[in-house]
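Notes for the one structure printed next.
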Amino acid sequence: MAAGRKSVSLRRESYRSSSTKVFNYHNDGPLRDEVVGSRHSHDARSGFHGGKEEREQGEICVERPSGLPPPEKKRKFSPIIWDLAEEVARKSSRSGVSQVPPVSPLHPTVLRSPGAGGVVRAPSLNSTTALPQEQSQKYYRDVDVEEENDVQGWNITKSRWASDGLSPSGAGDEHKRCRVSSSPETGEFRRECSESTVTRSSGSSGRDYNLCSSAEDTDDDENEFLIESKDVEEQSNVSDSSSDSDEIGVSTYAQRNINMLQSCRSVCEFEMIKKINEGTYGVVYKARDKKTGEIVALKKVKMLDREGFPMSSLREMNILLSFNHPSIVDVKEVVVDDYDGTFMVMEHMEYDLKGLMEVKKKPFSISEIKSLMQQLLEGVKYLHGNWVLHRDLKTSNILLNSEGELKICDFGLSRQYGSPLKPYTPVVVTLWYRAPELLLGAKEYSTAIDMWSVGCIMAELIAKEPLFKGKSELEQLNKIFQTLGTPDEKIWPGLSKLPGSKAKFVKQPYNMLRKKFPATSFTGSPVLSELGFDLLKKLLTYDPAERITAEEALCHDWFQEGSLPKSDFNPIFPSW
Ligand SMILES: Nc1ncnc2c1ncn2[C@@H]1O[C@H](COP(=O)(O)OP(=O)(O)OP(=O)(O)O)[C@@H](O)[C@H]1O
């Protein structure tokens with residue numbers, strides 16, 4: 001290890017050892033056992049086509065290896081976004097509809113959803129407060145508010161960037177638009193800048209698929225909200241007299257959080273170095289904190305033409321400010337400029353995985369891939385353990401630094417999940433990484449969608465190109481079926497109930513995945529052992545209820561076999 005370089009494993013150990021200091025709830029243990037139990041009982045339908053040998057390969061690990069560290073710490077803060085629960089509570093008590101009760105994070109269980117979307121590997125409802133199913137379905141029909149509402153357990157009053165004087169429930173002083181005076185230096189931050197590093201993916205197109213291709217988006221409440229002061233005023237007035245409209249309730253909530261920006265520092269306190277990249281929702285800059293000299297990444301929220309401050313950015317800020325994990329990009333604070341621009345101050349990472357793979361001549365070695373996969377799975381496990389689905393895992397949303405540390409970024413599409421399952425939009429996750437249940441229109445889905453994306457990323461790390469590169473949803477499904485075999489009700493119970501399952505798909509009786517990842521290679525690409533292939537096929541299992549979880553994947557034997565995960569590699573040198 002180079003002198004002074006932090007080893008990934010050391011970094012993780014120190015992270016874990018500090019875990020007890022922070023607000024902590026966890027759902028380790030029973031969850032895992034039950035998932036494993038269910039998996040064993042469903043062994044016959046591995047969700048995987050192919051020969052008998054394939055089906056019999058590698059049982060997933062059942063026991064947590066002895067000596068594994070204790071459960072990790074969870075959020076650094078609880079996100080303020082979930083304050084909205086209060087509004088829903090008020091609203092539904094008025095409409096006489098029962099509330100979905102608090103979700104207890106302490107009673108994990110595995111629930112099979114009524115639809116075919118899969119299993120909620122989530123903490124269960126506390127049995128004393130759980131609603132009968134018909135009642136919770138009525139809740140969905142009558143109270144189709146912002147998705148965040150469904151979990152009432154987090155009753156958060158403020159986040160790191162909420163000033164003390166602002167109570168989330170107090171509405172009195174929340175109508176004013178945030179404006180922070182700044183020094184003339186602000187100008188330097190607004191100058192045009194187009195320089196971009198070679199190791200960045202060139203923008204991102206994926207979200208486009210997500211946001212415009214379905215009219216059903218609405219039930220996911222992916223609405224963006226206008227936060228202009230005039231409208232805020234109007235909306236507040238309306239909401240004072242009647243908060244029966246979901247939109248009003250959510251907007252009031254949004255304005256409250258935006259107004260918390262009043263206590264933020266100005267972006268003038270940073271010196272812009274260069275523009276790094278631009279996505280759908282933000283422009284990312286490399287900058288230096290003038291006070292400390294620290295190099296950071298500033299993500300400027302792109303205001304939407306008509307709607308103003310995007311709800312997705314608000315979600316992202318809330319989630320990232322509340323999270324604390326070595327595999328999740330750290331957001332330090334939010335700063336603002338004179339023109340109502342809002343920036344997230346993040347730790348700076350040198351590369352994103354997509355850009356890096358585009359320019360990297362040599363493929364990653366197996367031990368490097370193991371390290372990346374391990375870090376990615378740690379991050380996903382943390383998210384899922386904290387009730388968050390990322391919903392947009394892809395290589396351009398995975399950041400790396402020169403020490404080989406990996407961090408997940410871009411939480412604009414992420415959302416909390418809970419049980420019982422609520423219908424969400426199936427139009428999430430960039431097409432190439434989108435799980436088959438989403439492509440087939442499942443509205444009840446859970447953590448398994450992220451695991452499919454992790455499988456696609458693992459395959460891409462090995463092959464150095466995306467596994468399924470469809471141009472439309474149908475083509476994407478056909479590409480998946482051509483490689484993994486066309487699924488049927490036997491290997492994926494509930495498949496026929498999915499809205500898209502009646503379409504005419506290619507008929508492919510065999511699983512051809514191993515052909516794509518042969519055990520020997522003459523091309524110099526890394527060779528995937530039987531165990532590695534076993535993990536890959538468990539990630540790419542059709543039936544979401546059978547798909548491996550992040551926690552299970554982390555103790556897969558592949559990580560212990562042969563070349564171990566490399567904890568201190570430089571992704572650029574000497575591979576370049
Ligand atoms: N902390 C960071 N350090 C360095 N670069 C970053 C950082 N965060 C993001 N980037 C770069 O900026 C790009 C866009 O960031 P991000 O995905 O968060 O924006 P977005 O607008 O939400 O994108 P999308 O179009 O995928 O929704 C990333 O792919 C990465 O190249």
Side-chain angles (χ1 to χ4, degrees), residues 193-213 222 224 270 272-289 294-304 309-321 323-335 341-360 376 379 390-403 405-415 427-434 453 457 460 466 571-572:
C193 195
S194 57
E195 191 188 342
S196 172
T197 58
V198 283
T199 46
R200 302 280 162 192
S201 49
S202 45
S204 131
S205 56
R207 202 69 75 63
D208 307 2
Y209 293 118
N210 304 332
L211 295 180
C212 45
S213 58
E222 295 285 357
E224 317 292 349
F270 294 83
M272 199 248 278
I273 299 173
K274 66 181 178 187
K275 178 175 163 183
I276 295 175
N277 209 340
E278 181 162 353
T280 318
Y281 288 97
V283 187
V284 182
Y285 302 91
K286 182 175 181 179
R288 183 179 293 107
D289 187 330
E294 188 186 6
I295 299 294
V296 295
L298 291 179
K299 180 172 174 179
K300 180 170 190 199
V301 175
K302 274 190 192 168
M303 294 300 245
L304 302 172
F309 200 98
M311 187 60 181
S312 61
S313 302
L314 194 57
R315 273 181 180 172
E316 179 171 36
M317 284 178 190
N318 275 304
I319 286 179
L320 283 176
L321 279 164
F323 276 175
N324 184 11
H325 189 277
S327 296
I328 309 288
V329 71
D330 187 36
V331 170
K332 300 159 188 295
E333 62 180 307
V334 173
V335 297
T342 309
F343 302 75
M344 276 196 302
V345 184
M346 295 182 274
E347 63 183 312
H348 176 261
M349 301 290 285
E350 279 105 327
Y351 324 106
D352 73 49
L353 193 51
K354 181 170 179 243
L356 184 59
M357 286 197 298
E358 276 165 8
V359 294
K360 196 175 183 315
L376 175 61
H390 187 281
R391 301 203 303 185
D392 200 14
L393 289 174
K394 57 181 175 181
T395 47
S396 60
N397 288 341
I398 293 172
L399 305 174
L400 286 175
N401 65 16
S402 53
E403 292 169 353
E405 293 177 342
L406 173 150
K407 317 241 171 195
I408 301 170
C409 75
D410 192 0
F411 283 69
L413 272 182
S414 61
R415 55 151 298 112
V427 194
V428 285
V429 188
T430 301
L431 202 54
W432 296 350
Y433 304 85
R434 202 180 296 172
S453 309
I457 292 166
E460 195 168 332
I572 300 300

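Atom set for the values below is all heavy atoms of this structure, side chains included, hydrogens, waters and symmetry mates excluded. The structure presented is a predicted model; accordingly, all values stated were derived computationally and were not measured. Numbering of ligands and ligand atoms starts at 1, following listing order.
Between E347 and ligand 1, an N or O atom pair is found at a separation short of 3.5 Å. The shortest N or O to N or O distance between N397 and ligand 1 is under 3.5 Å. Remark: ligand 1 and G282 share an N or O pair separated by less than 3.5 Å (distance only, no angle test). Distances between N or O atoms of S396 and those of ligand 1 include at least one value under 3.5 Å.
Contact atoms of ligand 1 toward M346: 1 (N), 8 (N) (distance under 4.0 Å to a heavy atom of the residue). Within ligand 1, counting atoms from 1 as listed, the ones closer than 4.0 Å to a heavy atom of A297 are 1 (N), 2 (C), 3 (N). Heavy-atom proximity to V329, at under 4.0 Å, picks out these atoms of ligand 1: 1 (N). Atoms of ligand 1 lying under 4.0 Å from any heavy atom of D352, numbered from 1 in the order shown and given with element: 29 (O), 30 (C), 31 (O). Residue G279 has at least one heavy-atom neighbour below 4.0 Å for each of these atoms of ligand 1: 20 (P), 21 (O), 23 (O), 25 (O).
Proximity of K274 to Y285: side-chain heavy atoms (C-beta onward) are nowhere separated by under 4.5 Å. L399 has its side chain out of reach of E350: every pair of non-hydrogen atoms, C-beta onward, lies at least 4.5 Å apart. Within the 4.5 Å cutoff, no side-chain heavy atoms of F270 are placed close to those of F343. Two residues are said to be in side-chain contact when any heavy atoms from C-beta on lie closer than 4.5 Å; N401 and Y351 fail this criterion.
The closest approach between any non-hydrogen atom of K394 and ligand 1 is below 4.0 Å.
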Criterion side-chain hydrogen bond (donor to acceptor under 3.5 Å, both in side chains) on Y433 and T395, from CA distance to verdict: CA-CA 9 Å; Y433 304 85; T395 47; 3.3 Å; yes
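The closest side-chain donor-acceptor pair between T430 and D392 falls under 3.5 angstrom.
Residue K299 touches ligand 1 through its side chain alone, judged by heavy-atom distances below 4.0 Å.
The shortest heavy-atom contact between M357 and E460 is CE-OE2, 3.6 Å. Contact between G379 and I328 at its shortest, heavy atoms only, is O-CD1, 3.8 Å.
Checked against E347 for a salt bridge (Lys or Arg N to Asp or Glu O under 4.0 Å), the options K407, K299, K332 give a single hit: K407.
Closest heavy-atom approach to atom 3 (N) of ligand 1 among the candidates K286, K275, M349, M344: M349. The heavy atom nearest to atom 23 (O) of ligand 1, out of those in V345, D410, I295, T395, is found in D410.
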